Asks: 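Pasting a structure here, questions to come.
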Amino acid sequence: MKARIAEFHSSIDPSEAAHALRLLVAIADLRSFSAAAERLGLTPSAVSKAVSRAEARLGVQLVQRTTRRVSLTDLGEAYVARGRQLLADVESLERDIAARDQEVRGPLRVAAPAVYGACRVAPICARFQAEHPGVTVDLRCGDRLADLVEERIDVAVRMVVAAPAEFVARPLEDDRRGLYASPGYLRRRRAPRDAAELGAHAGLHYGPGGASHAVFRLVEPGGAAAPARVPAVFSSDSVLAVLEATRAGLGLAELPAYLVAADVAEGRLREVLAGWVPVRRRVVAVYLPSRFLPARVRAFVDHLAGALRAEPPEALTAPRPRRGSP
């Protein structure tokens with residue numbers, strides 16, 4: 001007996017069993033192979049063969065056939081009664097899952113570059129979660145490129161020269177940068193008027209390892225390249241450390257516009273040679289291609305793009321008037 005049960009379990013094809021169950025429910029409702037076939041878009045012959053296969057698989061008779069009528073056996077009635085509940089449960093489950101996917105709720109995993117993520121993405125994530133309390137946000141800020149599949153990342157914010165072809169990439173904003181110095185430094189040394197005058201200044205280098213020069217790849221307003229090598233008095237692999245050195249008046253540094261926004265607005269830093277640092281990268285939101293993008297992912301990407309568009313870095317860096325001034 002145990003061997004027979006084990007053999008039966010191993011022979012079950014879930015899709016065929018579900019198909020047979022739907023057929024038997026239709027037969028029970030309509031008491032006719034032909035009517036059941038019409039309801040399900042099949043031929044009467046296909047219905048008859050499917051029922052025969054189910055009976056052979058179960059080893060019992062489910063349907064009594066006569067020339068005049070079709071009826072279920074006692075076992076057939078029991079099979080259909082239980083089957084109706086199973087089918088109802090499956091339909092309920094599918095409706096529930098589909099409805100959940102249309103609701104803005106559930107876990108949202110976002111990856112972003114360390115500093116950009118903290119400065120630009122984190123405040124937007126906080127506002128998004130406040131608007132959608134059913135969402136839990138997991139923001140991972142780091143400069144390692146996250147694996148969207150392995151780490152189950154819903155959205156990755158990346159700075160790229162070209163959008164990756166294997167993902168859907170939604171443009172967010174340009175990675176705008178500029179040359180900045182403190183007012184105190186510029187009082188000691190006149191602000192440069194072109195790239196040639198940068199050689200007389202002190203440079204702050206952002207990058208790995210010590211560097212003798214800060215290299216600024218500038219472009220003149222006319223479009224001509226104007227690279228400049230400025231003697232470095234400070235170097236660090238942390239852009240935040242370079243920002244602190246700039247605030248302290250040590251020299252000139254190339255910094256992201258979003259990072260210096262508050263400093264420029266409050267008058268702690270000033271931009272020099274404005275517009276000479278070209279845009280080399282764009283910020284994009286990438287996610288895996290799917291016909292069934294979860295509502296929370298779609299809503300977050302729209303929210304992120306709209307929020308960044310509403311507060312571009314160039315608007316954030318506009319100097320604020322001093323108190324008492326018009």
Side-chain angles (χ1 to χ4, degrees), residues 1-109 132 134-136 138 147-155 166-168 287-300:
M1 177 62 73
K2 290 183 178 179
R4 173 77 177 90
I5 293 173
E7 181 184 353
F8 169 71
H9 285 165
S10 65
S11 68
I12 292 177
D13 180 342
S15 61
E16 184 177 350
H19 177 62
L21 184 55
R22 288 188 173 88
L23 290 178
L24 286 163
V25 168
I27 291 169
D29 289 342
L30 303 171
R31 301 293 173 176
S32 163
F33 275 38
S34 298
E38 185 177 353
R39 172 191 283 186
L40 298 173
L42 301 171
T43 64
S45 174
V47 171
S48 179
K49 289 177 181 178
V51 171
S52 295
R53 285 196 300 271
E55 290 177 327
R57 185 179 67 253
L58 295 170
V60 299
Q61 185 178 1
L62 299 171
V63 179
Q64 289 180 333
R65 308 164 179 84
T66 68
T67 56
R68 295 186 176 183
R69 62 193 296 267
V70 173
S71 61
L72 299 181
T73 64
D74 290 342
L75 287 176
E77 292 282 4
Y79 186 80
V80 167
R82 179 74 183 278
R84 286 186 193 277
Q85 185 58 53
L86 290 175
L87 290 175
D89 288 344
V90 170
E91 291 174 3
S92 176
L93 173 62
E94 291 188 343
R95 284 196 301 270
D96 182 53
I97 293 299
R100 286 188 187 185
D101 197 48
Q102 297 306 312
E103 295 177 9
V104 181
R105 58 180 298 168
L108 178 71
R109 301 176 186 88
H132 303 283
V135 173
T136 56
D138 177 6
D147 187 317
L148 272 65
V149 176
E150 289 293 325
E151 300 175 48
R152 299 178 64 189
I153 300 297
D154 294 306
V155 182
E166 66 270 30
F167 301 119
V168 178
Y287 48 91
L288 294 171
S290 172
R291 291 174 55 201
F292 308 106
L293 191 66
R296 64 183 181 279
V297 175
R298 184 168 52 250
F300 174 71

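What's counted below: heavy atoms across the whole structure, side chains too, no hydrogens, waters or symmetry copies. Please read all numbers here as calculations on a predicted model, not as lab measurements.
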Asks: Does Ser32 reach the side chain of Val70, with side-chain heavy atoms less than 4.5 Å apart?
Replies: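 Side chain of Ser32 against side chain of Val70, heavy atoms only: no contact under 4.5 Å found.
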Asks: Could you tell me the separation between the CG atom of Leu62 and the OG atom of Ser52, rounded to the nearest 0.5 Å?
Replies: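 One finds 10.0 Å between CG of Leu62 and OG of Ser52.
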Asks: Is Phe33 close to Ile27 at the side-chain level, that is, under 4.5 Å between some pair of heavy atoms?
Replies: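 Counting from C-beta outward, Ile27 and Phe33 do come under 4.5 Å.
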Asks: How close do Ala26 and Ala36 get, counting heavy atoms only, and between which atoms?
Replies: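 So the two residues come closest at CB-CB, 3.8 Å.
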Asks: Taking the side chain as C-beta and beyond, is there a heavy-atom pair between Leu75 and Gln61 under 4.5 Å?
Replies: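 Contact flag for Leu75/Gln61 side chains = no.
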Asks: Quick one: closest heavy-atom pair of Tyr287 and Phe167, and the distance?
Replies: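 Closest approach of Tyr287 to Phe167: O-CB, 3.6 Å.
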Asks: Just checking Arg82: does its CZ atom have more than 12 heavy atoms from other residues, nucleotides or ligands closer to it than 6.0 angstrom?
Replies: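 No.
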Asks: Please report the C-alpha distance between Arg39 and Asp29 in whole Å, then the side-chain angles of each, then the deciding distance to 0.1 Å, and finally whether the side chain to side chain contact (heavy atoms under 4.5 Å, CB included) criterion is met.
Replies: CA-CA 11 Å; Arg39 172 191 283 186; Asp29 289 342; 3.2 Å; yes
Asks: Are the side chain of Gln64 and the backbone of Thr73 linked by a donor-acceptor contact shorter than 3.5 Å?
Replies: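 Between the backbone of Thr73 and the side chain of Gln64 there is no qualifying donor-acceptor contact (under 3.5 Å).
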Asks: Among Val149, Ile153, Leu148, which one satisfies side-chain contact (heavy atoms from CB on, under 4.5 Å) with Glu151?
Replies: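 Of all the options given, the one that passes is Ile153.
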Asks: Between Leu293 and Val168, is a side chain to side chain contact (heavy atoms under 4.5 Å, CB included) present by the stated rule, with each step listed?
Replies: CA-CA 11 Å; Leu293 191 66; Val168 178; over 6 Å; no
Asks: Mind checking side chain to side chain donor-acceptor pair (under 3.5 Å) for Arg53 and listing every partner two or more places apart, or none if nothing turns up?
Replies: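 Glu16.
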Asks: Please give me the minimum heavy-atom distance between Val80 and Ala28, naming the atom from each residue.
Replies: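 For Val80 and Ala28, the tightest heavy-atom pair comes out as CG1-CB, 4.0 Å.
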Asks: Hey, is CD on Glu55 packed in by over 12 heavy atoms from elsewhere, all under 6.0 Å?
Replies: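 Check passes, neighbour count above 12.
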Asks: Would you give the length of the straight line joining atom CD of Glu77 to atom CG of Leu24, rounded to the nearest 0.5 angstrom?
Replies: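 Result: 10.5 Å between the selected atoms.
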Asks: Enter the distance from Leu87:CG to Leu21:CG here, rounded to the nearest 0.5 Å.
Replies: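 One gets 4.0 Å once the value is rounded to the nearest 0.5 Å.
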Asks: Does some side-chain heavy atom of Arg296 sit less than 4.5 Å from a side-chain heavy atom of Asp154?
Replies: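 In short, these two side chains touch, coming nearer than 4.5 Å.
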Asks: Would Val60 and Tyr79 count as a side chain to side chain contact (heavy atoms under 4.5 Å, CB included) if you check the C-alpha gap in whole Å, the side-chain angles of each, and the deciding distance to 0.1 Å?
Replies: CA-CA 11 Å; Val60 299; Tyr79 186 80; over 6 Å; no
Asks: Let me confirm one number: the CG-NE2 distance from Leu42 to His19, rounded to the nearest 0.5 Å.
Replies: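 Spacing of CG (Leu42) from NE2 (His19) equals 5.5 Å.
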Asks: Is there a side chain to side chain contact (heavy atoms under 4.5 Å, CB included) between Val63 and Leu72? Walk through the geometry before answering.
Replies: CA-CA 4 Å; Val63 179; Leu72 299 181; 3.9 Å; yes
Asks: Taking all non-hydrogen atoms of both residues into account, name the closest pair between Pro107 and Thr136 and its distance.
Replies: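 Result for this residue pair: CA-OG1, 3.3 Å.
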